[in-house]
A.B. asks: 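Before anything else, here's the structure in question.
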Amino acid sequence: MSLNRRTNRWFPACFVSEKPAMATERYNPRAAEPRWQKAWDEAKLFETKNEDPRPKYYVLEMFPYPSGRIHMGHVRNYTMGDVVARWRRAMGYNVLHPMGWDAFGLPAENAARDNNVNPRDWTYKNIETMKGQLKTMGLSLDWAREIATCDPSYYKHQQKIFLDFWKSGLVERKSAKVNWDPVDMTVLANEQVIDGRGWRSGAPVEQRDLTQWFFKITSMSQDLLDSLDTLDKWPEKVRIMQANWIGRSEGLLVRWALANPPAGETELEVYTTRPDTIFGASFMAIAADHPLAKKVAASNPELASFIEEVRHMGTSAATLETAEKKGFDTGLRVVHPFDENWTLPVYVANFVLMDYGTGAIFGCPGHDQRDLDFANKYGLPVTPVVLPDGVDAASFHITEEAFVDDGAMINSRFLDGMRFREAFDEVATRLSGVTIGNRPQAERKVQFRLRDWLISRQRYWGCPIPVIHCEACGAVPVPAKDLPVELPTDVTFDKPGNPLDHHPTWKHVGCPQCGKPARRDTDTMDTFVDSSWYFARFTDPWNDKAPTTLEYVDGKNGWLPVRQYIGGIEHAILHLLYSRFFTRAMQVTGHLNEVKEPFEGMFTQGMVVHETYRAGTGPNAYWVQPVDVNIVDVDGKRSATLIADGSPVEIGAIEKMSKSKKNVVDPDDILASYGADTARWFMLSDSPPERDVIWTEAGVEGAHRFVQRIWRLVSETAPALTGVAAAAAGDGAGAAVSKAVHKTVKAVGEDIERLSFNKAVARLYELVNTIQPAATALVDGKGNQTDAAALREAVEALVVMIAPMMPHLAEECWSALSGEGFVANQPWPRFDPALVVDNDVVYPIQINGKKRGDLTIARDADQAQVEQAVMALDFVQKALEGKAPRKVIVVPQRIVNVVA
RNA sequence: GCGGACGUGGCGGAAUUGGUAGACGCAAGGGACUUAAAAUCCCUCGAUCCUCGAUCGUACGGGUUCGAUUCCCGUCGUCCGCACCA
């Protein structure tokens, strides 16, 4: 009941509050939020002590890349994490909720080159800006533990970890095929190759063999796969994605003798998961990079040029999809393992990959679509060897579509009639007993799709690989006393290639072993390495001797695993998989005690999306920012115009906020005008957290109205509640309030625990709707002491419950209620189980499954009593027309269905 | 192609283990207060009809059940991930 009628538009001028005649002023987040943030800071409220004896709870959101400014995705992500952190604190946990910066990466180098700034300066300036933005959000973060991965105090330990991994056999230096951009003189990631060209230079990308550093993640493939089953607090989707990525398959290595071998060769080794179809084989296909192909190509220029053609084929998804199956007959032939008189041709084929299996396959056109396409193109025989169930063998032909399902073996000699498993085993057993060369002709083999993790990057702004290359001693680890190997600061970006390599002095160093002149490894580590252990570092970022402190990192009194990790789905595979590998590897190297899985609970939040706006027409059309658009709504029909000149704007699709579509909303604008609490509340409302949330101006205003409504409710009621002790009411008007609040306490706690923030928000709206009339009545002097006590309890509980979501407003309300200390330190309210159940139950009464009325009856009425009462109801009698019901179904506390 | 998710009012979404479909919010319409606007408060708000009330309604078509948004089979559509992995 604000009497302040003089103010007009509250934004932007509303907080310049005019003198209210009475009652309360509007809540002013611009004044209140910084005040509370400062108070929390001064009280060091969110600084966590490792020694605190309370049970530990580690909640973490994926740390940001310091790109310059935070975006709405960050606001959503960090709001969710903060709700969990604040709620867990209220539940009595010692909560670790840290923040840091994923600070290495290419954008800093690009900025350096384009704007002539130093990558370090650029990065730290961005960190400063973004830290300020995060602070205005009122997040309960322990900033004392802040880390930046680009800081030598962090990457020093990462270099130690690298060397320890190396010592433990988890690191390997080997030759690898990489995408090489000949203009930028750098290695490109697959996603940086677009249609076979470098994303920046546009130059055709070459495949080059370079000696690179790898983490041997494949040595843990099986465990990384098996342990997914233990991650029951992860989204099913993410676990499936990881399992697919690891890609385990069981098959057989089969060695085929060459009928006409070139010098130095005797056999061709293939990998197959379908040895049962071995009698359906009609050709062999090998990769263009297969040694045998190279050998034949040496004396066959036509084959050599075919191989060259395959090598230059693009690697993009689009190219692969449309690429025709192509092959080249090498002239070589192999002997069938079960028939020495049966030989098959060997082709080089463009669809066989060198780095999976052995780079060679046997083609079985009847039961593999690719092989069928290939066979049809080159006129190779197609023999069906698996018969679909219920199909007559005589009429079964394969022409355009391969049969890939299960069936019974045919045309397969001793395998005829067998099913897949039996045939597989029979072939495996028989061939294992035959010797070719000095080895069995077949071996069972489990194959993974997962490759070793290539960590070398020919870039400047990353963690230097702490290795020195000496002509005499080879690759030598940098001694521990010389760590960190720091990045030089005097670098230039004016020529293509790796600035570390160009640096005049940096790489020249004496060999730690023999002292002779040697040179540093000029590669830096993939930035995924930085983020693979930061969660462990947060547990004791002050330890300058070692990456982790065993006492605190995990185990009995340690923090890990992270109990709740929150981040984007885009990291569902690589970041999470690498972190899982690192945790295992850090345990092997003694940096962790026992924990294997770093993240016990994982949650992937949805994106923030927004309408798009387009002004102009035809070829002159251009995207417009939301802030430049005025939207009017007439009888539900929305139309838009440019604020600048009133010209029409087309309202387009709702899409992920992106710079290119300009449908971005700057968090700074929102925080400055509405305040952090409104932004936080809106982020939690309506949309389930795993789904996308649509950012709308109307929605934000709705959220803001609620902020004001809470403030009005609390501030207007507070005087009437002064000196009143909180207590639940058993009867009278207060009883309804008490029941509502206790039910809400129960429900909101359950909702937050499940991260169903949107439902918790709905419950809080309902509670406010319920207690509002009671509050108004009390203020008007219409309540008694019991009602006042019930209302005091309700309002206090409400304030504590909104505190994780709208912490500043909650503090302001708590203060208005003369509450002790910070609401951030208040325990979560307890609900009385007796108050969350009603004495009476309202049963919906169905007749033949359709609702016809209600019955209110005592909660403890037994089935017979309920049935009796139902039968006495008018509309039931009328529906039955005097006859006895066929059946009456009473579901206790739920529903009654009368079947007439 | 393979794998997965989803489909509910004008919109975002609720709905316990199969038990009142549409909670809560947004938008819209009407009203009160006001010189006026803003703010606030009250009412209406799935569709149709014969508007008392009834019928239909959770993408579509079937099925199981006393009862289906929920379970099963099929169809259509949308989105996401992987993609020549032998």
Side-chain angles (χ1 to χ4, degrees), chain A residues 1-10 14 26 235-241 243-245 247 249 251 270-274 277 285 317 320-321 323 325 349-353 355-364 368-371 373-374 404 447-451 569-570 572-573 633-638 654 682 685-688 690-694 696-703 705-706 708-709 712 750 756 758-766 768-769 772 776 842-854 885-889 891 893-900:
Chain A
M1 47 161 287
S2 169
L3 298 179
N4 181 4
R5 289 177 179 140
R6 299 286 299 281
T7 31
N8 36 31
R9 271 165 59 81
W10 67 270
C14 73
R26 286 176 69 87
E236 181 71 16
K237 180 191 171 79
V238 173
R239 281 162 31 200
I240 289 168
M241 281 163 71
N244 290 342
W245 190 261
S249 69
V270 306
Y271 176 72
T272 179
T273 56
R274 295 295 303 274
T277 64
L320 290 175
E321 205 167 339
K325 303 282 173 287
N350 65 350
F351 65 93
V352 179
L353 306 173
D355 48 6
Y356 186 79
T358 62
I361 61 160
F362 77 77
C364 176
D368 183 291
Q369 193 59 45
R370 291 158 305 178
D371 297 349
D373 294 345
F374 191 83
V404 295
Q447 183 76 39
F448 294 93
R449 226 188 56 135
L450 183 66
R451 316 274 165 83
I569 186 76
E570 67 274 18
I573 300 178
D633 198 324
V634 181
D635 285 358
K637 290 213 168 42
R638 302 173 70 242
I654 295 168
F682 180 72
S685 305
D686 290 358
S687 292
E690 70 279 8
R691 261 189 249 177
D692 291 349
V693 63
I694 305 171
T696 64
E697 193 68 12
V700 183
E701 286 182 2
R705 272 201 295 275
F706 188 66
Q708 296 296 349
R709 204 173 146 202
R712 226 180 308 123
E750 289 167 356
S756 299
N758 58 320
K759 290 189 225 169
V761 163
R763 308 254 173 267
L764 291 168
Y765 271 116
E766 275 175 329
V768 171
N769 289 344
Q772 185 90 64
T776 308
V842 179
Y843 280 95
I845 309 300
Q846 296 181 329
I847 293 172
N848 295 331
K850 286 195 162 66
K851 194 200 165 190
R852 295 296 168 201
D854 293 306
R886 286 224 311 254
K887 205 182 201 179
V888 179
I889 292 143
V891 184
Q893 321 299 326
R894 277 290 154 75
I895 202 166
V896 178
N897 191 7
V898 178
V899 186

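In what follows, every chain begins at residue 1, and chains take the letters A, B, ... in the order their sequences are listed. This one's a predicted model, so the numbers in the text were calculated from it and none came from an experiment.
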A.B. asks: Which nucleotide in the set B:G25, B:C84, B:A86 lies at the smallest distance from any side-chain heavy atom of A:N350?
C.D. replies: B:C84
A.B. asks: Could you check whether atom CZ of A:R451 has more than 12 heavy atoms from other residues, nucleotides or ligands sitting under 6.0 Å from it?
C.D. replies: yes
A.B. asks: Give the C-alpha distance, both sets of side-chain angles, the deciding distance and a yes or no for side chain to side chain contact (heavy atoms under 4.5 Å, CB included) between A:V238 and A:I569.
C.D. replies: CA-CA 8 Å; A:V238 173; A:I569 186 76; 4.0 Å; yes
A.B. asks: A:I895 or A:P688: which one's nearest nucleotide on RNA chain B is closer to the 5' end?
C.D. replies: A:P688
A.B. asks: Could you give the distance separating B:G7 and B:C60 at their C1' atoms, to the nearest angstrom?
C.D. replies: 11 Å
A.B. asks: What interatomic distance, in whole Å, is found between P of B:A23 and the corresponding atom of B:C45?
C.D. replies: 11 Å
A.B. asks: Considering only side-chain heavy atoms of A:Q846, which listed nucleotide, B:A54, B:C41, B:G19, is closest?
C.D. replies: B:G19
A.B. asks: Can you tell me how far CD1 of A:I361 sits from CG of A:D371, rounded to the nearest 0.5 angstrom?
C.D. replies: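 Here the rounded value is 4.5 Å.
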A.B. asks: With both distances kept under 3.5 Å, what pairs with B:C26, Watson-Crick or G-U wobble?
C.D. replies: B:G10
A.B. asks: Touch check for A:R886, heavy atoms < 4.0 angstrom, all strands: base, sugar-phosphate only, or nothing?
C.D. replies: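 Since no nucleic acid heavy atom lies under 4.0 Å of A:R886, the category is nothing.
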A.B. asks: Side-chain contact test, heavy atoms from C-beta onward, threshold under 4.5 Å: evaluate it for A:T358 versus A:Q447 and give yes or no.
C.D. replies: no
A.B. asks: Looking for any heavy atom pair under 4.0 Å, which part of the strands does A:S685 touch: base, sugar-phosphate only, or nothing?
C.D. replies: nothing
A.B. asks: Touch check for A:N897, heavy atoms < 4.0 angstrom, all strands: base, sugar-phosphate only, or nothing?
C.D. replies: base
A.B. asks: Whom does B:C41 pair with, Watson-Crick or G-U wobble, provided both distances fall under 3.5 Å?
C.D. replies: B:G31
A.B. asks: To the nearest Å, how far apart are A:F362 CZ and B:C85 C1'?
C.D. replies: 15 Å
A.B. asks: Taking the inter-plane angle between the rings of A:Y356 and A:Y271 on a 0 to 90° scale, is it parallel (under 30°), tilted (30 to 60°) or perpendicular (over 60°)?
C.D. replies: perpendicular
A.B. asks: Does B:C26 have OP1 or OP2 under 4.0 Å away from a side-chain N or O of A:R705?
C.D. replies: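 A:R705 to B:C26 OP1/OP2: side-chain N or O found under 4.0 Å.
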A.B. asks: Taking syn as any angle within 90 degrees of 0 and anti as the rest, which one fits B:G9?
C.D. replies: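 Because its glycosidic torsion lies within 90° of 0, B:G9 adopts the syn conformation.
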A.B. asks: Set out, in order, the CA-CA distance, both residues' side-chain angles and the distance that settles side chain to side chain contact (heavy atoms under 4.5 Å, CB included) for A:Q846 and A:I895, then state yes or no.
C.D. replies: CA-CA 8 Å; A:Q846 296 181 329; A:I895 202 166; 3.5 Å; yes
A.B. asks: Base, sugar-phosphate, or nothing: which does A:I240 touch, judged by heavy atoms less than 4.0 Å apart?
C.D. replies: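 The residue A:I240 makes sugar-phosphate contact but no base contact.
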A.B. asks: Could you check how far CD1 of A:I573 sits from P of B:C80, rounded to whole Å?
C.D. replies: 15 Å
A.B. asks: So what's B:C52 paired with, Watson-Crick or G-U wobble, going by both distances under 3.5 Å?
C.D. replies: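 Its partner: none found.
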A.B. asks: With respect to the phosphate group of B:A86, does any side-chain polar atom (N or O) of A:S249 fall under 4.0 Å of OP1 or OP2?
C.D. replies: yes
A.B. asks: For A:E766, which contact category applies under a 4.0 Å heavy-atom criterion: base, sugar-phosphate, or nothing?
C.D. replies: sugar-phosphate
A.B. asks: Determine the Euclidean distance between corresponding P atoms of B:A36 and B:G46; express it in Å to zero decimal places.
C.D. replies: 32 Å
A.B. asks: What distance, rounded to whole Å, do you find between the two P atoms, one in B:C2 and one in B:G74?
C.D. replies: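 Approximately 15 Å lies between the P atom of B:C2 and that of B:G74.
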A.B. asks: Please determine if a side-chain N or O atom of A:R449 lies less than 4.0 Å away from the OP1 or OP2 oxygen of B:C84.
C.D. replies: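 Looking at the OP1 and OP2 atoms of B:C84, neither is under 4.0 Å from any side-chain N or O of A:R449.
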A.B. asks: Could you tell me if the side chain of A:I845 sits less than 4.5 Å from the side chain of A:D854, heavy atoms only?
C.D. replies: no
A.B. asks: Could you please name the partner base of B:G3, counting Watson-Crick and G-U wobble pairs only when both distances are under 3.5 Å?
C.D. replies: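 Per the H-bond distance test, B:C80.
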A.B. asks: Check every strand shown and say whether A:V761 touches a base, only sugar-phosphate, or nothing at a heavy-atom separation below 4.0 Å.
C.D. replies: nothing
A.B. asks: Expressed in angstrom and rounded to an integer, what is the separation of A:F682 atom CZ from B:A27 atom P?
C.D. replies: 11 Å
A.B. asks: How far does the P atom of B:G67 sit from the matching atom of B:G19, given to the nearest Å?
C.D. replies: 14 Å
A.B. asks: For A:V899, report the nucleic acid contact type (base, sugar-phosphate, nothing); a contact means any heavy atom under 4.0 Å.
C.D. replies: sugar-phosphate
A.B. asks: Which nucleotide sits closest to the side chain of A:M241: B:G81, B:C82, B:C26?
C.D. replies: B:G81
A.B. asks: Grab the CG-C1' distance between A:N848 and B:U55 for me, whole Å please.
C.D. replies: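 Checked: the CG to C1' distance equals 16 Å.
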A.B. asks: B:C11 and B:U64: how far apart are their C1' atoms, nearest whole angstrom?
C.D. replies: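 Here B:C11 and B:U64 have their C1' atoms 35 Å from each other.
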A.B. asks: Counting heavy atoms from C-beta on, name the nucleotide in B:C82, B:G25, B:A86 closest to the side chain of A:L353.
C.D. replies: B:A86
A.B. asks: So, is A:Y356 near the phosphate of B:A86, with a side-chain N or O under 4.0 Å from OP1 or OP2?
C.D. replies: yes
A.B. asks: Quick one, A:R709 with A:N769, criterion side chain to side chain contact (heavy atoms under 4.5 Å, CB included). Give me CA distance, side-chain angles, the key distance, then yes/no.
C.D. replies: CA-CA 10 Å; A:R709 204 173 146 202; A:N769 289 344; 2.6 Å; yes
A.B. asks: Looking at every strand, decide which applies to A:N769 at a 4.0 Å heavy-atom threshold: base, sugar-phosphate, or nothing.
C.D. replies: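 Touches sugar-phosphate only.
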A.B. asks: Would you indicate, yes or no, if B:G12 has its OP1 or OP2 atom less than 4.0 angstrom from a side-chain nitrogen or oxygen of A:N758?
C.D. replies: no
A.B. asks: Is there a donor on the side chain of A:K759 or the base of B:C24 sitting less than 3.5 Å from an acceptor on the other?
C.D. replies: no
A.B. asks: Any chance you could lay out the side chain to side chain contact (heavy atoms under 4.5 Å, CB included) test for A:V899 and A:N848, step after step, and finish with the verdict?
C.D. replies: CA-CA 5 Å; A:V899 186; A:N848 295 331; 3.8 Å; yes
A.B. asks: Could you check whether A:R451 gets within reach of a base, just the sugar-phosphate, or nothing at all, counting any heavy atom under 4.0 Å?
C.D. replies: base
A.B. asks: In whole Å, measure the gap between the P atoms of B:C71 and B:U17 for me.
C.D. replies: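 Going atom to atom, P in each nucleotide, I get 11 Å.
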A.B. asks: Please state the C1' separation for the pair B:A83 and B:G12 - nearest whole angstrom.
C.D. replies: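 Here B:A83 and B:G12 have their C1' atoms 34 Å from each other.
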A.B. asks: Watson-Crick or G-U wobble partner for B:C85, using a 3.5 Å limit on both distances?
C.D. replies: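 No nucleotide pairs with B:C85.
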A.B. asks: NA contact type, A:R691, heavy-atom cut-off 4.0 Å: base, sugar-phosphate, or nothing?
C.D. replies: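 Answer is sugar-phosphate: A:R691 comes under 4.0 Å of backbone atoms only.
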A.B. asks: Between A:T273 and A:R852, which has a closest nucleotide on RNA chain B that is more 5'?
C.D. replies: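 Its nearest nucleotide being more 5', the pick is A:R852.
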A.B. asks: Would you mind pulling out the nucleotide paired to B:U75, Watson-Crick or G-U wobble, both distances under 3.5 Å?
C.D. replies: B:A59
